[in-house]
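Have a look at the structure below before the remarks.
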Amino acid sequence: MGAATGDRPKCLVELAGRTLLDRQVSALALAGAREVAVVTGWCSWQFERVPLTRFHNAAWAESSMVDSLACAREWLEAGPVVVAYGDIVFTPAAVTAVASAPGPLVVGYDPDWLTQWARRFGDPLVDAETFAVADGRLTDIGGTPSTLEEVGGSTWGCSSWSRRGGPSCPRSCRVRTRVATPPVCCGG
C-alpha cells in the first residue's frame, strides 16, 4: 500500500471514501457478527475513537501477525470467531462461507489465484506465498515460493476459529471450505 500507509495503519486507508476497516465491519455485520474487535499496534492512538473492542500488541515492531492474533486470545478461546487481515476487502458472502463451514480452523482461499495475480504482477511469485492442501488439510502457508507449483491457492485473509482452534492450533489444521470465487478485492 506504499505511501497510503505512511501515517496510518492499513485498515484505516480509504477506498472510495470509506476505510477498509469500515468496509470490513459492514461485511461482518451483514454476515451476522454481533461484535467486532481490532488488534492494534503501530499508531494505535488512531483507534481511540473507533467504537470497537481493542486488543493491543505493544511489541508490534518486533513481532508477527501470529503474535498480534494472540493478543486477542480471550476472544479466540471463547470462539467461535472470524479473523481477518486488516488490509483486505471482503464480502458478507465470504464471511458466511468461512463461518458456516465445519472445523476448528477454516481458511477461505481461492484455488484459481493465478488469474488475479498475473493481472496484478508481471511475475506472480513476487507477492505470492506458499499454500498447500493435501487430503483436506492445510500443510503449508505463508512461505516464499520458488515455483508456481508451490502455490496451490491464495488465502482471502479471512478465516474462522472455533473454541478448539485458537492460537494453540497445530501446524496442520483442517481446511473445510474451498470457495473458488474470492471476495471483492481492490487492485485486481
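The structure presented is a predicted model; accordingly, all values stated were derived computationally and were not measured. This chain uses plain numbering: 1 for the first residue, then up along the sequence. Computed over heavy atoms, backbone and side chain alike; hydrogens, waters and symmetry mates excluded.
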Mind checking the CG-CG spacing from L105 to L76? Nearest 0.5 Å is all I need.
10.5 Å
D22 and T19: side chain donor to acceptor below 3.5 Å
no
Pairwise distance OG1(T139) to CZ(F131) - rounded to 0.5 angstrom
9.0 Å
Report yes if the side chains of S68 and F55 come closer than 4.5 Å at any heavy-atom pair, otherwise no.
no
Could you check whether the rings of F121 and W117 sit parallel, tilted or perpendicular, using 30° and 60° as the cut-offs?
tilted
Any chance you could lay out the side chain to side chain contact (heavy atoms under 4.5 Å, CB included) test for L52 and V25, step after step, and finish with the verdict?
CA-CA 9 Å; L52 300 174; V25 170; 4.1 Å; yes
Just wondering, do K10 and Y85 contact through their side chains at under 4.5 Å, heavy atoms?
no
Apply side chain to side chain contact (heavy atoms under 4.5 Å, CB included) to the pair L148 and V151, showing each step before the final yes or no.
CA-CA 5 Å; L148 292 175; V151 187; 5.6 Å; no
Check the side chains of S44 and W42 for a donor-acceptor pair under 3.5 angstrom, ignoring hydrogens and angles.
no
Treating Q46 as the side-chain partner and C43 as the backbone partner, does any N or O pair qualify as donor plus acceptor under 3.5 Å?
no
Let me see the working for T53 and E35 under side chain to side chain contact (heavy atoms under 4.5 Å, CB included), right down to the final yes or no.
CA-CA 8 Å; T53 298; E35 270 188 283; 4.0 Å; yes
Verdict with reasoning, S159 to V106, per side chain to side chain contact (heavy atoms under 4.5 Å, CB included)
CA-CA 5 Å; S159 60; V106 177; 6.0 Å; no
State whether a side-chain donor-acceptor pair under 3.5 Å links D140 with T130.
yes
Determine the minimum heavy-atom distance between Y109 and G153, stating which atoms define it.
CD1-CA, 4.0 Å
Which heavy atom of R23 sits nearest to which heavy atom of A16, and what is that distance?
NH2-CB, 3.5 Å
Is it the case that N57 and S63 place a side-chain donor and acceptor less than 3.5 Å from each other?
yes
Please examine the side chains of Q116 and S154, heavy atoms only from C-beta on, and report whether any two atoms are closer than 4.5 Å.
no
Here the gap from D110 atom CG to T155 atom OG1, rounded to the nearest 0.5 Å, amounts to 10.0 Å
Do I141 and V83 sit in the same hydrophobic cluster, where Ile, Leu, Val, Met, Phe, Trp and Tyr count as joined when their side-chain heavy atoms come under 4.5 Å apart?
yes
